[in-house]
Amino acid sequence: MISFLNLKKINATQRDELQVACMRVIDSGWYISGKELASFEEAFASYCETQYCVGVANGLDALILVLRAWKELGLLADGDEVIVPSNTYIASVLAVSENGLVPVLVEPDDASFNLSPSAIEKAITEKTKVILVVHLYGRLAEMESIVEIANRHNLLVLEDSAQSHGASVNGKKAGNWGDASGFSFYPGKNLGALGDAGAITTNDERLANTLRALRNYGSHEKYKNIYQGLNSRLDELQAAVLSVKLKTLDENNYARKCIAQRYLAGINNNELILPDSGGTGQHVWHLFVIRTQFRDEFSAHLKSKGVETRRLQELSATRSLN
Ligand SMILES: *Cc1c(COP(=O)(O)O)cnc(C)c1O
């Protein structure tokens, strides 16, 4: 059986290095907010070419905390509208509603599966304050135009980069386009921990500082709690694992790209709509998503040949075929 994602096999390629990293943490006697976190944050900021990286407990918290921080900094208030793609994973929408903000769901572009600049522009109202762009399946949204729209309307841009570690357009990576970006390191993501983990990247020092307090009970200094914060820390063990896995992210993304190119070149069937190859940008192929009217039959056919598949949303699978 060709499994959908064989994490055991992927992690086995770095087994020895992961073991060394885990033993180092176990032997250090220090498990939360220490050297491993600081070193991973520095490495990931440098990878994304951003000034700051703030590790948190998971990808959902990364998004929740950015919006929370913007509220604390007086940039957002209850009832403000946030534009979100309707086909995103539920976490993007929950981060908005969790903060007392209003998610405005916008239909994606059929070819890229991402928000198009024109659809965003149509959804902007007087209450819009944030564009939450999700780089779905490993492909960056049209960030140049989206950032231009945001500047023109005085809106904040939050990237949800949970599916696009290392994706880029014109050499600029996911996580470095918006005012801030949330990442998930859930085990199945392109950069995955051995458990839950997440991070925020930004070039805004004030935001980074606020986030460092918010993830730690609202406190910079022990027992001085200046915000109503959360316990959302990226622990030392996961940080150490992520530092090891970050080293092979580019090579793993390249392997994904080679597989995707093989599929794109080799699959030729009128009943299947293949994904767009990603234009000029570097697509990191978190998922290879096809659309077809015969989804269940096709999936059963592949299963009979020993190939595992997963289902995504019904809507984006059928809409343009109607
Ligand atoms: C995985 C994912 C998240 C949430 O990440 P967790 O670490 O599971 O909380 C958010 N947004 C998108 C688009 C995702 O794919």
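Reckoned from all heavy atoms, side chains included, excluding hydrogens, waters and symmetry mates. Atoms within each ligand, like the ligands themselves, are counted from 1 in listed order. Sequence positions, counted from 1, serve as the residue numbers for this chain.
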* Got a second to check how far Asp27's CG is from Met23's CE, nearest 0.5 Å? ->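 Between Asp27 CG and Met23 CE, I get 4.5 Å after rounding to 0.5 Å.
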* If you round to the nearest 0.5 Å, how far is CG of Leu5 from CD1 of Ile10? ->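 One gets 4.5 Å once the value is rounded to the nearest 0.5 Å.
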* Check each of Ser92, Pro85, Ser184 against atom 5 (O) of ligand 1 and report the one with the nearest heavy atom. =>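 When every heavy atom of Ser92, Pro85, Ser184 is considered, Ser184 comes closest to atom 5 (O) of ligand 1.
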* Main-chain N/O of Trp285 paired with Arg256 side-chain donor or acceptor, under 3.5 Å ->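 Confirmed, Arg256 side chain pairs with Trp285 backbone.
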* Applying a 4.0 Å heavy-atom criterion (strictly less than), which segment of Val134 is in contact with ligand 1: side chain, backbone, both, or neither? ->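 It is the side chain that touches ligand 1; the backbone stays farther off.
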[atom] [closest protein heavy-atom partner, distance rounded to 0.1 Å]:
atom	value
atom 14 (C) of ligand 1	Lys189 NZ, 3.0 Å
atom 13 (C) of ligand 1	Asp160 OD2, 3.4 Å
atom 10 (C) of ligand 1	Ala91 CB, 3.4 Å
atom 9 (O) of ligand 1	Leu60 N, 2.9 Å

* On the ring face of Trp30, is Lys35 found with NZ or CZ under 6.0 Å from the centre and within 45° of the axis? ->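 Judged by the rule, Lys35 and Trp30 form no cation-pi pair.
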* Which atoms from ligand 1 have a heavy atom of Ala162 less than 4.0 Å away? ->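 With Ala162 as reference, the close atoms of ligand 1 come out as 2 (C), 3 (C), 10 (C), 11 (N), 12 (C), 14 (C), 15 (O).
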* Hey, is OH on Tyr263 packed in by over 12 heavy atoms from elsewhere, all under 6.0 Å? ->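 No, because the 6.0 Å sphere around OH of Tyr263 holds 12 heavy atoms or fewer from other groups.
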* Asked: In terms of the angle between their ring planes, are His165 and Phe183 parallel, tilted or perpendicular, with boundaries placed at 30° and 60°?
  ->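 Correct class here is tilted.
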* **Contact (N/O only, under 3.5 Å) between Gln163 and ligand 1** =>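 Yes, at least one N or O pair falls under 3.5 Å.
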* Asked: Can you find an N/O atom of Gly59 closer than 3.5 Å to an N/O atom of ligand 1?
  ->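 For ligand 1, there is an N or O atom that lies under 3.5 Å from one belonging to Gly59.
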* **Check: His135/Glu159 side-chain N/O donor and acceptor closer than 3.5 Å** =>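 Note: His135 and Glu159 side chains meet the donor-acceptor criterion.
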